[in-house]
2 protein chains.
Amino acid sequence: MVVHGARGRSGRRPTLEEVAARAGVGRGTVSRVINGSPRVSEATRAAVEAAVAELGYVPNTAARALAANRTDAIALVVPEPETRFFAEPYFSDMLKGVGAALSDTEMQLLLIFAGSDRERRRLAQYLAAHRVDGVLLVSVHADDPLPDLLSQLEIPAVISGRRSVDETLPSVDSDNYGGGRAAVEHLLARGCRTITHIAGRLDVFGAQRRVDGYRDALRDAGREVDEELIITGDFTEEGGRRAMKELLARRPDLDAVFAGSDVMAAGARQVLREAGRRTPDDVALVGYDDSAIARHMDPPLTSVRQPIEDMGRAMLELLLDEIADRRPAVSRGLEKRQLVLPAMLVERDSS
Amino acid sequence: MVVHGARGRSGRRPTLEEVAARAGVGRGTVSRVINGSPRVSEATRAAVEAAVAELGYVPNTAARALAANRTDAIALVVPEPETRFFAEPYFSDMLKGVGAALSDTEMQLLLIFAGSDRERRRLAQYLAAHRVDGVLLVSVHADDPLPDLLSQLEIPAVISGRRSVDETLPSVDSDNYGGGRAAVEHLLARGCRTITHIAGRLDVFGAQRRVDGYRDALRDAGREVDEELIITGDFTEEGGRRAMKELLARRPDLDAVFAGSDVMAAGARQVLREAGRRTPDDVALVGYDDSAIARHMDPPLTSVRQPIEDMGRAMLELLLDEIADRRPAVSRGLEKRQLVLPAMLVERDSS
DNA sequence: AGGTACTGTGGGAGCGCTCCCACAAGTGAT
DNA sequence: ATCACTTGTGGGAGCGCTCCCACAGTACCT
């Protein structure tokens, strides 16, 4: 935490020019050293570095941004109110992953909430001013205009999850299909006969893929898929309750529930208890997300975990590539710009 | 979310110069309009604004920062690991307050974690580069070198809480003394005879003030202050447990506990239960912070609430003043640079 | 000896603003 | 009519960098 350099109380910071004079070299050479260009002799480099240390030189970001037309900053945009951001571990895990990957770079991360209309307008203004080199977009709904704005402004962006099969933006998703399959295969292995599914909002692509996984797992096990056993919730606890009641009414003989989120599983659990069904003895229960709720439920909930931190890391890496690639106007194409990371079943006592 | 302007696919953004040409005025005049100077005639202003709209002009932040030597950004520095940031509602409330106050301005808020050594070095670098106009410092310990670095770099800063009675930095604190008093007065009014206190770490100034409030409330009620009834915890649950055990050993006849934080109160509660003491019948319990824990305890915990969101708002306002005041080199002195907001007792069933 | 290539270096031009001085035009007192 | 302000405006200078062209020096061919 010590500030080096002989700089007096003047408050004026040394400039490149002054470092150059001190080191007895030209401005360009100092710039090269600062930016790690290989085209500098060892001796010169050492001299410049000494001058930098003596003067306590720190580059002026604004000048650099102006001259080089880049900001060395990227934004993590959360199109949600702050409340949700703090409530859901998803975001903090994501941030952790991004932050870890970021610490190897000189990039600065900005956190931007765009929950309200007002905030969104602000964001649009912000992006139009090109104040960041790239954008990480988490939790985007299918009809969000943000991605279009981004490509209109030609700002590199990476999205978490996909909006559809043919997502155009570079994206990092987890294997929702595989996660759904794993949940159902686990229930099948446990000997469950009538496996129901409370799906999430189907305009969320990942939720749809989980349903696909559910279907295929049953089909591959030689079971008929009964559409009556699938019901759509809305990712909320109340939605989980409603869905569970309906399922119990439709099929009193059900012996397993695969919920598309832990929160919905928690709602379902309440209804099951009220109905006198024991977990896991009468009805096995599996959730999705492996959130804190899952661990704290009674009994602890079996759930599918997404590698969110890894996803964050991967998103950042993709974005940095994307930013670097904007130099030559070549290399379009979707090679490797869509990443899918594996999901994993975490077995606990509810199944 | 619509981008106005006829700007083609070139990607080049219009400059001040181009706006000036379009509006048939000089560069200076456009600058004046953009920056809201009053020294512009109505007609000219309208013409410029039209040109700005037509071209979809957005000022280049980097150029402005370079020329004007300001960044229009401030940082909220959290000298804690991210985990704590997400775990404690203190930070999210603070952020909410700051964010609210910020939305009236053109300022950009940066969130910076400085929990690890590595992050701190990064931060030092960042500040040395003067990449922000000011800093909001939350949760600072008495021996933290950060405030000194800030004043060395002559960066305006506002601190949450005070490090001592004669805090030099502008600060916003809550009335910890009054909060402590209120808690004890409440217990006295309930008829408690032997009121104990589990204090927080005494190197945290606020914790000390709560103890002062505790003492004075008893004294003013004509009670002797028995130092045996005060014990120091460390703000953790485990610390609360240890302190409670010790207090029970010292004074089995105690009938009230005022804990310096909700978390410590939770620890104390466990020990009380194990000892067979009922709350509030045998022992009344009061916490501090009014955090989520307080509401979820059984019985719900009476606690002292600090207006954290308001504190955030106030901090930002102080900081903006501070930044504005850096123009004339006058106006030293501590007038109004130390703000103390009232704390409030929230009565629940634990007392 | 001349050519060709590469390496390392200096410094001009320019990024898009703000600041400020100069000055025209208008207003009112002398 | 003259002087002294005031108001509105134009544009030069300069903020501290990066980019790139020019060029000196060295090395290795013909």
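Letters A, B, ... mirror the listed sequences (proteins, then strands); counts begin at 1. In what follows, every heavy atom counts, from backbone to side chain, and hydrogens, waters and symmetry copies are set aside.
- For N35(A), the CG atom is densely surrounded, since the number of other residues' heavy atoms within 6.0 Å is greater than 12.
- Listed by first and then second residue, the side chain to side chain donor-acceptor pair (under 3.5 Å) pairs involving residues 94-105 of chain B amount to none (not counting sequence neighbours).
- The closest donor-acceptor contact from the side chain of S116(A) to the backbone of E119(A) lies under 3.5 Å.
- In this structure, A51(B) and R22(B) approach most closely via the heavy-atom pair CB-CG, 3.7 Å.
- Of the residues in residues 43-52 of chain A, none lies under 4.0 Å from DNA chain D by heavy-atom distance.
- Nucleic acid contact for N35(B): sugar-phosphate only, since backbone atoms but no base atoms lie under 4.0 Å from a heavy atom of the residue.
- A47(A) is linked by a side-chain contact (heavy atoms from CB on, under 4.5 Å) to nothing, counting only residues two or more places apart in sequence or in another chain.
- The list of ring-ring contact (aromatic ring centres under 6.0 Å, His included) pairs with a residue in residues 26-65 of chain B, not counting sequence neighbours, is empty.
- With DNA chain C read from its 5' end, the first of the two nearest nucleotides for P38(A) and G28(A) is the one closest to P38(A).
- At least one donor-acceptor pair under 3.5 Å links the side chain of Q338(A) to the backbone N or O of L169(A).
- Scanning for salt bridge (charged side-chain N to carboxylate O under 4.0 Å, His left out) contacts around E317(B) gives an empty result, with sequence neighbours left out.
- Going from atom CG of D72(A) over to atom C1' of dT18(D) covers 12 Å, rounded to whole Å.
- Remark: S31(B) is not in phosphate contact with dC17(C), judged by side-chain N or O atoms under 4.0 Å from OP1 or OP2.
- The C1' atoms of five pairs define one axis at each end of the helix from dA1(C)-dT30(D) to dT30(C)-dA1(D), and these two axes lie 50° apart (to 10°).
- With hydrogens and angles ignored, the 3.5 Å screen pairs a side-chain donor or acceptor of D133(B) with a backbone N or O of D72(B).
- Taking each heavy atom of P14(A) and L55(A) in turn, the nearest pair found is CG-O, 3.5 Å.
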Show the distances under 3.5 angstrom between N or O atoms of the protein and N or O atoms of nucleotides 21-25 of chain C.
none

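- Residues of residues 16-25 of chain B having a heavy atom closer than 4.0 Å to DNA chain C, listed by number: L16(B).
- Between S31(B) and I34(B), the closest side-chain pair of non-hydrogen atoms is not below 4.5 Å.
- Residues passing the salt bridge (charged side-chain N to carboxylate O under 4.0 Å, His left out) test with D148(B): none are found, sequence neighbours excluded.
- Between the CG atom of N69(B) and the P atom of dC19(C) there is a distance of 10 Å, given to the nearest Å.
- Between E42(A) atom CD and dT7(C) atom P there is a gap of 15 Å when expressed in whole angstrom units.
- No donor-acceptor pair closer than 3.5 Å links the side chain of R163(A) to the backbone N or O of D143(A).
- Rounded to whole angstrom, the span from the CD1 atom of I34(A) across to the P atom of dC17(D) amounts to 8 Å.
- Between R39(B) atom CZ and dT18(C) atom C1' there is a gap of 17 Å when expressed in whole angstrom units.
- The phosphate of dG10(C) (OP1 or OP2) has a side-chain N or O of T29(A) nearer than 4.0 angstrom.
- Note on residues 93-128 of chain B: pairs passing ring-ring contact (aromatic ring centres under 6.0 Å, His included), not counting sequence neighbours, are F85(B)-F113(B).
- Listed by chain and residue number, nothing satisfies the salt bridge (charged side-chain N to carboxylate O under 4.0 Å, His left out) test with R32(A) (two or more places apart in sequence, or in another chain).
- Contact annotation: S41(A) reaches the phosphate of dT9(C) (side-chain N/O to OP1 or OP2, under 4.0 Å).
- Listed for the S171(B) side chain is no donor-acceptor partner under 3.5 Å among the backbone atoms of S160(B).
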Short N/O separations, protein against nucleotides 13-15 of chain C, under 3.5 angstrom:
residue: dA13(C); atom: N6; partner: R27(A); partner atom: NH2; Å: 2.7

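- Straight-line distance from the CD atom of E106(A) to the P atom of dT18(D): 12 Å, rounded to whole Å.
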